[in-house]
Structures are given as structure tokens and as C-alpha cells.
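Here is the structure we will look at, set down as C-alpha cells.
Along the sequence shown, the residues carry numbers beginning at 1. Predicted model, so just to flag it, every value in this text is computed and none were measured.
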Amino acid sequence: MPTRDRIISPEGIAFRDLNGNGTMEPYENPDLPAAERVADLLTRMTLEEKAGLMMMSILETGQDGAIVEGDGLFGDATSTLINDKRMNHFNALRLPGPRSAARWNNLLQDMAAQTRLGIPVTLYTDPRHSFTENLGAALAAGVFSQWPETLGFGAIGDPELVERFADIARQEYRAVGIRGALHPQVDLATEPRWARAAGGFGQSAETAERLVAAYLRGFQGERLTPASVACMTKHFPGGGPQRDGEDPHFPYGREQVYPGGGFEYHLRPFLAAIKAGTAALMPYYGLPVGLTLPDGTAVEEIGFGFNRTIISTLLRDQLGYDGVVCTDWGLITDQQVAGLPFPARAWGVEQLSRADRVAAVIEAGCDQFGGETCPELIAELVRSGRIAEERLDHSVRRLLRLKFDLGLFDDPYVDEDAAESTVGRPEFIAAGRDTQRRSLTLIKNNGPAGLPLLPLAPGTRVYAPDLSDQKLGQHGIGVADPGEADVAIVRLRAPYEPRNRYFLEDRFHAGRLDFEAGPLDRVAGLSRTVPVIVDLYLDRPAILGSLADDAAAIVVNYGCGPDVLLDVLFGAAAPEGRLPFELPRSMAAVEASRSDLPSDTADPLFPYGFGLSYEHHG
């Protein structure tokens, strides 16, 4: 495994072989407190090195963990970013197997070690332990242990379970060199149409408060140490109450509204995260409309990442937060990716130049630019006198302190064998599957003669075209004709409106919540022949329409494998989940509701917190 060559002089000054040629050059003293090491290193950094530290971009992985040197999907070659742009914070995209991922980290650290000051790389990641595959929000688990989406934890509501998950995810991340998590997401799902509900704990601030504290304990511990993964809690001061439920990744979704005066409700999970010691916070893209702070201060109608009142007045001054604040991805630079436009999310400041946008972010109080590779703009602003270098130093201190607290300056390398034996460990996989089972939420269970349909008896004849006969055969008997079946199983997903005008737009499930005729007719037709069990994946609420009447049983999942589902349907495990948000009765009720308040649709079909057990039916 690679190591850093160091010696300590009698005076306590650290020296390191920067160039591998036997010449030992002065370095930071590992025996000094972190604050002193930060101060020492800061005095030796150039303006360009400070500016590079303030950028974070997506980095792709080559085959077998090789460094990507050709232009990738998201920009420059790796060596250009590290050597020329002096960058050392990256968000890892899709990863190969654990051994190759560990090798990639070590090669990155080798490259970083050859830079003038040898500042190590900090690798971050979006969530990658569940089922969603969205390059703009989360990655499917792949070789990592697989759990339900965060909504599933909200459905269970168990802080000890959340802490256990976070501790397992921490171990798997650290094994491959990931030291920063671009999560948890604690936005509240009060607007039923919002596309990112699956990433949070649901609509309840109280649940999010309890669970985010446990989440942070599992990843970070009571304080940051070399054993920690630093968390970046998002999206301050609370995404979710978007106008018409549209997402501000895209121009039509930029406005965030508070018709019910619910700003403080959405702020609550972030207060809990700050109290629990979150290492960093990420503001959302949203542009607040007509918002005032609790003390009456009017908030500028510009995106939160540019918003001095939100970042400096509220977060820094009133809440006393002195951790890292990193913008959400791509506030500065308009892009064209995979042939589709992806405009900068510079909502409210679209008219500004790129340099002026950078200045606005820094002046607002942010420390780091997510999804950007333009440190030269920061350097130009300092040289022109627009931004004082002392202002950069405040941000650089925070960013360096994180690296020191995580032990990256002392050893940024990981062991490939340990990565292979840690990631996807059998007990981790088992824990994830057990949580998938527990999160399943039973909302209807009416069989013939008024008796519960579920759980099914072993050997039940099942018509299930969405499930393999091999999986069915572990519990029941698969049949090809519904007329020969005792029950039918239909797997459905929450409806959405397909869109593809902008890059990633097709991955954000937004728009109407009601089903089209096809799946409704399918279930209705089957129900005339055989009792139908509907398994419904919810990444946001759905309007069930005739499904609520035609299905004999309805089970909600938030990400689960087919065998996990069958375990619960056949009674090998019991569903424990409760709905993390209400299920509205109609689109008219959704459109009339206030987007910032929980449980605000009239006469919901199923209320927040509803769920049956196998001892009860309904």
C-alpha cells in the first residue's frame, strides 16, 4: 500500500519527500493541534491554491480504478484538475468494484502528493446505498450494501436503525477512500409533487429531527476523527415547498414559496443537524418568494446559494454555524451535457457574469463551489480588489480543518484487500435486506369474505408477470394464467410526467401524481378474475384512484428487491412501515394545498402515519 515518506526534525518540524527524489522539504507538524497546522499551512498557500481548494467537481473512474485523463462527461482530465487547477475535493461518480475503487483513491492521492504542498484529496459521494440511479441526486448501490431509500427509514422511524445504517455505510465508504457524504437530505416532503421526496425522511419535521441526529452519529461519531465520514447536510434552509412541486434543477422550478408561513417548520431538521455537529451544509437552488425571517428581516429573491440573508445573517450570525457551506451543483457555469442543455442554477442572478456570480456566492458567506472548476475566477476577483484574500482565508481554514480532522494529511490511503473484505460484507447485506422488509407499508388487506388476504400461505398459486418463477418458487407456485391463480401480484411505480428537455430532467420524477388508464385498467381487469395484490413503489406520493377499490391488498415499498417483497407477502417477515407522507385523494386537492405545510391536502385517501400490521386489516 502506498505511504507518505516523512521525517520529523529535532525542532518538531515535519519534512516530506515531495518529489520522490530524496529531497526532504518542510511540511506541517503532525504533532501540533489541528488549528495550528491549519494556520501554518495557510501561510504557505498561494492564491491559486486557495482558490482550487474552494472548488469541488464530479470525477469519473477509469477501468480497474485507473485515472481518467481524457475529457470525461463532466469536464477536464483528472491531472488538469489536480495539477493545473489545484483542486483536491471531488464527488465520485460511478465506482468499479471495491478493490478498483480503493486503487483509484490511492492513485489520486499519489497525484495530489506530487503537487507543491501535497494537499490530499477529499473524496465525496452522493447517496449510493439504495435503488435510485440519478447522476444529479443519488447512485444505485451496486457493490455496496443495499437499503431502502431514505423515505424507508422515515417509514420505520427507528433512530437506532438509522445509526446502524450510517455506521455500516461509513465503513464501506472509508474502505474505498470516500471521506465525505453529500447527505443526509433532510428536506421535508410537504409538497406532494416534489421530485426529491425519496431522498428525505418524509413530511414530518419531528421525525427528521430525531433521525438526522442518529444519521450523523453513525457517519461522524460524536466528533470528527480519522474514523469518520464527514456529512454535508442538505438542502439548507429546506427544499420541498417548491411552487407547483417543480424542482429548481430546472428553470421552470426555480421558485420556492411559503403560502402557509411554514419556513420555520422546514428549518427544524437543520437546527437538529447543526446541534448534532454536521461537518457541512449545502444550500438549495430555490429562489424564495415573499419570505421573511422570523425576526422580520426580508429575504432577497435570489437563489439560496447567493443569498446573504440566508447564509450570513441566518446561518452564520443567528444560528452561529461555523462549519463548511458548499453550494449545490452548478451555480456558475452554463453547460451542455450529453447533447442537452444544463443551464447554471443562478436563479435571480441570471443576468450576472460568471465572475459576478462567483463574487455573489462568496459574499453571501459560502465556502465552496459544488460542480464547478473555475478557480481562476476567484483569483481574478482577488487580484482586481473585488474580494479580499482575507475573506478567502476564512473559507480555506474551514476546508483545511476538515481534512486535518479526518486524518487525511497523516494517511489518505486505503488498503485494497480491506476494501474487498469490507464493502458488501454479508452481515451488511443482510442488515440492508432486513430494513427493506421492515420498511414495507401495508395500507390495504381485504381478502375474500372480509378476511385478511395477507400473509399468503405457502404453496399459494400466484400469477405475477412482474416477478420471476424462480423467486416465486421459494414461497408459492407461479402460474401463467390468472384464471388458475389464487392471487395476482402487480408491481407498480408512482406516476410521473416523462420529460427530457434538459440534462437529467428525465431522472427527476415530477408533475401529476395520478395514474394513467393503463395500469388502472390492468388491475381492474385482473380483479374480476382473482384477488390482486398491488406492490407500489413510492418515491413521492401517488393518487391511487380506482386502485384503492380494485386491489384486494396494497403494499407500499421505498425500494426493495423482489425476494424481499415475497418474504413479506408470504409472512416470513412482517411489514412495519407507516406512510411517511399522506396519500392525496385527488390532483385538485394537491393543487389547492399549501406547499410548505404537512398534511394539507383535503380529505386524504390515506393519512400520514397510516399502516396496517398482519394482526389488522383494512
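- Salt-bridge annotation for Glu206 and Arg210: present, with a side-chain N of the basic residue lying under 4.0 Å from a carboxylate O of the acidic one.
- The existence of a salt bridge linking Asp417 and Arg99 is confirmed by a sub-4.0 Å separation between a basic side-chain nitrogen and an acidic carboxylate oxygen.
- In this pair, Phe153 and Phe165 present their aromatic rings tilted. The plane angle is within the 30 to 60° band.
- Between Arg316 and Asp367, at least one side-chain N (NZ, or NE/NH1/NH2) sits under 4.0 Å from a carboxylate O, which counts as a salt bridge.
- Atom NE2 in His249 sits 10.5 Å away from atom CH2 in Trp329 (nearest 0.5 Å).
- The residues Arg37 and Asp40 are annotated as not salt-bridged, no charged nitrogen and carboxylate oxygen being separated by less than 4.0 angstrom.
- For the residue pair Thr422 / Gln171, no side-chain donor-acceptor distance below 3.5 Å is found, with atom types taken as modelled.
- Between the Thr327 side chain and the Phe369 main chain, no donor and acceptor come within less than 3.5 Å of each other.
- Side-chain atoms of Lys50 and Asp393, non-hydrogen and from C-beta on, do get closer than 4.5 Å to each other.
- Arg345 pairs by the side chain to side chain donor-acceptor pair (under 3.5 Å) definition with nothing, not counting sequence neighbours.
- Between Phe236 and Phe270, the ring planes lie perpendicular to each other; the angle is over 60°, past the 30° to 60° tilted range.
- Asp563 meets the side chain to side chain donor-acceptor pair (under 3.5 Å) test with Arg433; sequence neighbours excluded.
- Using the six-membered ring where Trp is involved, Phe508 and Phe250 have ring planes that are perpendicular, over 60° apart on the 30 and 60° scheme.
- Taking 4.0 Å as the cut-off between side-chain N and carboxylate O, Arg217 and Glu163 count as a salt-bridged pair.
- Every residue two or more places apart in sequence or in another chain was checked for a ring-ring contact (aromatic ring centres under 6.0 Å, His included) with His89, and none qualifies.
- Among residues two or more places apart in sequence or in another chain, the salt bridge (Lys or Arg N to Asp or Glu O under 4.0 Å) test is passed with Arg438 by Asp158, Glu576.
- The aromatic rings of His235 and Tyr284 sit tilted relative to each other, their planes meeting at an angle between 30° and 60°.
- By the 4.5 Å heavy-atom criterion applied to side chains, Asn88 and Pro120 are not counted as neighbours.
- Residues forming a side chain to side chain donor-acceptor pair (under 3.5 Å) with Thr233 (at least two apart in sequence, or on another chain): Thr278.
- Centroid-to-centroid, the aromatic rings of Phe131 and Tyr558 stay 6.0 Å apart or farther.
- If you look at Phe428 and His129, their ring centroids are not closer than 6.0 Å.
- Using a cutoff of 4.0 Å between basic side-chain nitrogens and carboxylate oxygens, Arg94 and Glu133 are scored as salt-bridged.
- Salt-bridge formation is detected for the pair Glu416/Arg103: a Lys NZ or Arg NE/NH1/NH2 atom is positioned less than 4.0 Å from an Asp or Glu carboxylate oxygen.
- Note on Asp328 versus Lys234: no salt bridge recorded, every NZ/NE/NH1/NH2 to OD/OE distance being 4.0 Å or above.
- Looking at residues two or more places apart in sequence or on another chain, you find no ring-ring contact (aromatic ring centres under 6.0 Å, His included) involving Phe201.
- No side-chain heavy atom of Asp405 sits under 4.5 Å from any side-chain heavy atom of Thr225.
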